[in-house]
Amino acid sequence: MDKLKVLFTAEAEDALLKELYEFCDLEFAGWKVDGKTLSVDELTERLQGKDVLITSYDKVTRQVIEGCADLKLIVCARANPVNVDQQAAKEKGITVSYTPGRNSDATAEFAVALLLNLVRHVSEANNAILSGRAVLDEAPSEMKTDVTWGKVKECHPYMQFQGPQIHGKTAGIVGYGSIGRRVAAILKGFGANLVIYDPYMSKVEVEAPGIELVDFETLLEKSDFISCHMKVTEETKGIFDKHAFSRMKKGAYLVNNSRGAVIVEKDLIEALRTHQIGGAALDVFAYEPLYKGHPFVTGELENLLVTPHISGACPDAIANGTILLTEEVRRFAQGKKLLYVK
């Protein structure tokens with residue numbers, strides 16, 4: 001069997017790539033080499049004579065696909081091949097595979113980390129200490145241990161950084177796919193009651209003791225915490241808008257580490273400014289990266305926690321993706337049916 005000629009630009013765990021060498025001639029470039037994506041022209045040029053493209057972040061456009069006569073398989077090492085023109089690939093008879101679930105655990109855990117940080121003011125309390133706002137200027141004459149801090153300068157940590165526990169509260173999960181299910185399981189372990197909104201799931205698939213499938217309006221009204229895990233579609237784009245925020249409990253919290261487009265940012269900013277909701281934690285945004293002067297980065301919203309799209313930034317996720325893509329390419333080389341095809 002002739003080896004497949006492969007252009008490999010995906011992030012991957014090197015120690016797990018050895019198996020690919022058995023049936024592939026690999027050329028490494030782009031993100032795999034220097035953390036940069038290839039331009040359309042660079043990608044097209046490097047793909048000449050190649051059977052397979054394994055990528056993470058390159059924009060595999062119609063121009064690229066139509067300019068590569070030998071290309072037979074595109075493997076996108078992501079949970080969804082959003083950077084590949086799938087229609088163009090279909091028209092050319094090119095198979096598109098991907099690596100679903102590679103970062104589901106990491107992303108779910110990060111969502112819960114955002115929630116805990118937000119509602120218990122972990123980063124705020126940390127900053128109060130590191131900035132000196134909540135520490136004494138000099139060592140006290142009498143040293144005490146194991147005491148509740150009183151007022152320190154103008155900061156009263158015990159009062160200022162209070163936040164609700166998760167146990168006994170209602171958590172709403174919007175989107176009950178691979179990640180949403182994992183978030184639900186973690187929060188269930190904390191003792192939360194769960195309400196789920198997913199129009200593509202039936203009660204039979206979802207409901208169990210302490211877990212209820214509801215419509216979106218009911219979820220908004222009942223939830224103390226909402227964690228969003230939806231793909232962007234015409235139905236989900238901007239689903240969290242002014243109306244949605246007005247229906248949430250006053251003081252409820254929103255976490256989003258799915259896609260920024262599910263939130264109307266100007267409406268969220270207003271809801272945070274007016275304290276219509278208790279707070280929000282975001283790892284994704286309408287336009288990325290964020291830019292200087294955006295209300296999310298000016299510091300005016302004290303009830304907002306933001307991180308730079310890092311929910312899936314986990315070595316375990318990269319290792320999982322490497323295993324999945326290797327198995328898919330082996331199946332392709334052996335003429336077997338692929339498991340993860342768009």
Side-chain angles (χ1 to χ4, degrees), residues 10-13 16 31 55-57 75-84 97-120 122-123 166 171-190 192 194-198 200-201 206 211 219 223 225-233 236-237 239-240 253-263 268 279-286 288-290 296 304-325 339-340 342:
E11 59 181 357
E13 175 62 53
L16 298 174
W31 192 278
T55 183
S56 293
Y57 308 114
V75 181
C76 184
R78 300 176 70 172
N80 198 16
V82 293
N83 53 311
V84 178
S97 180
Y98 62 115
T99 56
R102 74 181 188 104
N103 62 0
S104 292
D105 287 311
T107 302
E109 290 170 6
F110 197 83
V112 178
L114 287 173
L115 176 61
L116 289 170
N117 192 328
L118 175 68
V119 303
R120 297 303 303 273
V122 177
S123 290
I166 292 175
I173 308 297
V174 181
Y176 204 53
S178 177
I179 296 170
R181 287 174 181 268
R182 285 167 166 82
V183 172
I186 296 170
L187 294 179
K188 187 67 174 172
F190 275 93
L194 299 174
V195 290
I196 310 298
Y197 170 67
D198 191 320
Y200 302 103
M201 306 289 287
V206 174
I211 306 177
L219 181 140
S223 299
F225 319 110
I226 297 175
S227 191
C228 184
H229 306 286
M230 305 186 84
K231 296 178 180 178
V232 178
T233 66
T236 64
K237 188 178 295 183
I239 191 171
F240 284 96
Y253 297 88
L254 173 67
V255 172
N256 183 31
N257 65 341
S258 56
R259 288 292 180 265
V262 301
I263 292 177
L268 173 60
L282 309 174
D283 186 49
V284 290
F285 310 93
E288 298 178 346
L290 287 170
F296 287 167
L304 175 70
L305 174 69
V306 291
T307 52
H309 203 150
I310 56 171
S311 292
C314 174
D316 301 280
I318 296 173
N320 292 338
T322 306
I323 293 169
L324 288 169
L325 70 86
L339 297 183
Y340 311 111
K342 279 289 187 179

Original post:
Looking at OG of S97 and CG of L325, how far apart are the two atoms once the value is rounded to the nearest 0.5 Å?
Top reply: 8.5 Å

Original post:
Are the side chains of I196 and I211 in touch, meaning some heavy atoms are under 4.5 Å apart?
Top reply: yes

Subject >> Validation row: R78, Y57 side chains within 4.5 angstrom (heavy atoms) >> reply: yes

Original post:
Just by distance, do the side chain of S56 and the backbone of E11 share a donor-acceptor pair under 3.5 Å?
Top reply: yes

Subject >> Between CD1 on residue I166 and CZ on residue R120, distance to nearest 0.5 Å >> reply: 9.0 Å

Subject >> Check: T55 and N83 side chains under 4.5 Å, non-hydrogen atoms >> reply: yes

Subject >> For C76 against V84, the heavy-atom pair lying closest together >> reply: CB-CG2, 4.5 Å

**OP:** Quick one: do I173 and L187 satisfy side chain to side chain contact (heavy atoms under 4.5 Å, CB included)? Show the steps, please.
**Re:** CA-CA 10 Å; I173 308 297; L187 294 179; 4.1 Å; yes

**OP:** Under the side chain to side chain contact (heavy atoms under 4.5 Å, CB included) rule, what do N103 and S311 come out as? Steps first, then yes or no, please.
**Re:** CA-CA 8 Å; N103 62 0; S311 292; over 6 Å; no

Original post:
Say you draw a straight line from CG of L324 to CZ of R102; how long is it, rounded to the nearest 0.5 Å?
Top reply: 9.5 Å

Original post:
Roughly how far apart are L16 CG and N320 CG, rounded to 0.5 Å?
Top reply: 9.5 Å

Original post:
Parallel, tilted or perpendicular for Y98 and Y340, by the 30°/60° rule?
Top reply: perpendicular

Subject >> Step-by-step side chain to side chain contact (heavy atoms under 4.5 Å, CB included) determination, L115 to S227 >> reply: CA-CA 8 Å; L115 176 61; S227 191; over 6 Å; no

**OP:** Using a 4.5 Å cut-off on heavy atoms from C-beta on, say whether the side chain of V255 contacts that of F225.
**Re:** no

Original post:
Which heavy-atom pair separates Y176 from D198 by the least distance, and what is that distance?
Top reply: N-OD2, 2.8 Å

**OP:** Working to the nearest 0.5 Å, report the span between CD1 of I323 and CD of E13.
**Re:** 9.0 Å

Original post:
Between S178 and S104, is there a donor-acceptor pair closer than 3.5 Å when you use the side chain of the first and the backbone of the second?
Top reply: no

Original post:
Where do K237 and V232 come nearest, in terms of heavy atoms and distance?
Top reply: CE-CG1, 4.1 Å

**OP:** Taking all heavy atoms of L118 and all of G279, pick out the closest pair and write down the distance.
**Re:** CD2-C, 3.9 Å

Subject >> Contact summary for H229 and V183, nearest pair of heavy atoms >> reply: NE2-CG2, 3.5 Å

Subject >> Qualifying residue, where the test is side chain to side chain contact (heavy atoms under 4.5 Å, CB included) with D283 and the options are L305, N256, N257, T107 >> reply: N257

Subject >> Gap between atom OG1 of T236 and atom NZ of K231 - 0.5 Å precision >> reply: 10.5 Å

Subject >> K342 atom NZ: more than 12 heavy-atom contacts under 6.0 Å >> reply: yes

**OP:** Evaluate the side-chain proximity of V262 to V174: yes if any heavy-atom separation is below 4.5 Å, no if none is.
**Re:** no

Subject >> Closest non-hydrogen atom pair between L268 and F296, with its separation >> reply: CD2-CZ, 4.2 Å

